[in-house]
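Working notes, beginning with the structure itself.
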There are 2 protein chains.
Amino acid sequence: MTKEEEILQAHITSHRLKVTKERKAILNVFMSTERHVTAEELYREMKNRGSSIGLATIYRTLNLFCASGLAEQRHFGDGQARYELTYNVHHHDHLVCKQCNRIIEFENLEIERLQEKVARKHHFTIYSHKLELYGTCEACSKEKSKSKPKSKAKSKKQTTK
Amino acid sequence: MTKEEEILQAHITSHRLKVTKERKAILNVFMSTERHVTAEELYREMKNRGSSIGLATIYRTLNLFCASGLAEQRHFGDGQARYELTYNVHHHDHLVCKQCNRIIEFENLEIERLQEKVARKHHFTIYSHKLELYGTCEACSKEKSKSKPKSKAKSKKQTTK
DNA sequence: TCTCAATTTGATAATCGGTCTCATTTTTAG
DNA sequence: CTAAAAATGAGACCGATTATCAAATTGAGA
């Protein structure tokens, strides 16, 4: 049993929920796919692999992952929620290429510190934050004026810091 | 004619669009209301003032304001788009109180500089960014555990830096 | 000022993520 | 093994926003 399965298990039993084959299957695929998937993408991927789990269950289960602390939900401005595993992953923010939808993760402790400073100045208590830099990635700025992605782009390419 | 009306006028004529009484009326009310209104809120406010302009036109016109550079659209995580006048307004980011929905604006050039630094490191060209700090404002952290706002909160109180 | 093609409007249907409902199936404590 | 509780799949539903379309308005040119 992976550490992630254990965490899910712990959350499930402590909340009097139930371990089902669907939840295990979704966790498996979720861990094996790229980061920042949408519910739809995960649904299609599971279908491709022969699963017959419904979309509603995918949504429910991703929410469960978030509740258990395994994952986090993100919005990158295209109207769909994206999910990423956060267990054992350092906090980070994102660079989002609007050309190819590539997502680059970064962390910057200096920025985090300054955020805290701003909050203190306003007597504000931060419990989460969102920092996204939108623009054009290196690859896209080189191949100037290539074809633009569709709004529903399913670009899979991503880089990590 | 205000400077804002001139900007709108310029955008309209340069795009072969038309100046209508509806657009003028919406701009007037938009400028006189608090920042970060939703389309719904603006619609209701106009109705209160005797207007019979439809919701669709409010949406269309707010989009027009954004296209002309007068306004910007924001999302603070409650599923509705909010709009704020940006003409003659210094760039800023937001502290969002999840208790009372108050929005506090701040600017921090150091953070902006660090963002640019991050982008350079990844050979990324930023053309916009989003930085929001979510948490509890001073007032709300004092009156501990008061009634929570509804999801569709229409809280009007806001502070500016 | 008048005309008329182009634009805008209001009403409302449609769309799109995402959630809810409910009958049926699965899980699990005892 | 059993029964109560929880989870599932299918599809209805929801709320924010956009699209459609007939009717009204605008404005460039005569």
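Hydrogens, waters and symmetry mates are skipped; everything else that's a heavy atom, side chains included, is used. Numbered from 1 within each chain, the chains take letters A, B, ... in sequence-line order.
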Mind checking if [X] touches a base, just sugar-phosphate, or nothing, with heavy atoms under 4.0 Å?
| X | result |
| --- | --- |
| B:T38 | nothing |
| A:L55 | nothing |
| B:A39 | nothing |

What is the separation between atom [atom1] on [X] and atom [atom2] on [N], rounded to the nearest whole Å?
| X | N | atom1 | atom2 | result |
| --- | --- | --- | --- | --- |
| A:I26 | D:dA7 | CD1 | C1' | 11 Å |
| A:F76 | C:dG17 | CZ | C1' | 17 Å |
| B:K47 | C:dG10 | NZ | P | 11 Å |
| A:Y59 | D:dT8 | OH | C1' | 17 Å |
| A:H11 | D:dA6 | NE2 | C1' | 13 Å |
| B:M46 | C:dT9 | CE | P | 11 Å |
| B:F65 | C:dT8 | CZ | C1' | 14 Å |
| B:R16 | C:dA6 | CZ | P | 12 Å |

| request: Verify, without hydrogens or angle tests, whether A:R102 (side chain) and A:L95 (backbone) share a donor-acceptor contact under 3.5 angstrom. | output: no

| Is a side-chain donor or acceptor of B:T86 paired with a backbone partner of B:L70 at a separation under 3.5 angstrom? | yes

| message | Using 0.5 Å steps for rounding, measure from the NE2 atom of A:H36 to the CD atom of A:Q80. | response |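 If I round to the nearest 0.5 Å, the distance is 14.0 Å.
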
| Spatial distance of atom OG1 (B:T61) from atom CD1 (B:I53) [nearest 0.5 Å] |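 With rounding to 0.5 Å, OG1 (B:T61) is 7.0 Å from CD1 (B:I53).
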
| Axis-to-axis angle across the helix from C:dT1-D:dA30 to C:dG30-D:dC1, five pairs an end, to 10 degrees? | 30°

| field | Contact state string [nucleotides 21-30 of chain D, B base, S sugar-phosphate only, - no protein heavy atom under 4.0 Å] | value | ----SBS---

| Set of residues satisfying side chain to side chain contact (heavy atoms under 4.5 Å, CB included) with respect to A:A56, sequence neighbours excluded |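 Side chain to side chain contact (heavy atoms under 4.5 Å, CB included) check on A:A56 returns A:R60.
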
| query | Is A:E116 salt-bridged to A:R113, going by a charged N under 4.0 Å from an acidic O? | reply |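 Here A:E116 does not pair with A:R113 in a salt bridge, since their nearest N and O are not under 4.0 Å apart.
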
| query | Any salt bridge between B:E132 and B:K130, counting N to O under 4.0 Å? | reply |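 Salt bridge between B:E132 and B:K130, a charged N being under 4.0 Å from a carboxylate O: no.
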
| said: So, OP1 or OP2 of C:dG18: does either fall under 4.0 Å of a side-chain N or O from A:N63? | reply: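 Negative; the distance criterion is not met.
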
| Closest to the A:A56 side chain: C:dG10, D:dG11, C:dT8? |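 Comparing C:dG10, D:dG11, C:dT8 against the side chain of A:A56, the answer is D:dG11.
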
| said: Using heavy-atom distances to pick each residue's nearest nucleotide on DNA chain D, tell me which of A:G54 and B:G79 is more 5'. | reply: A:G54

| field | Single hit among A:F76, A:F106, A:Y134 for ring pair (Phe, Tyr, Trp, His ring centres under 6.0 Å) with A:H94 | value | A:F76

| said: Under the criterion side chain to side chain donor-acceptor pair (under 3.5 Å), I'd like the reasoning laid out for B:H91 against B:E72: C-alpha separation, chi angles, the key distance, then a yes or no. | reply: CA-CA 11 Å; B:H91 168 77; B:E72 266 178 30; 5.8 Å; no

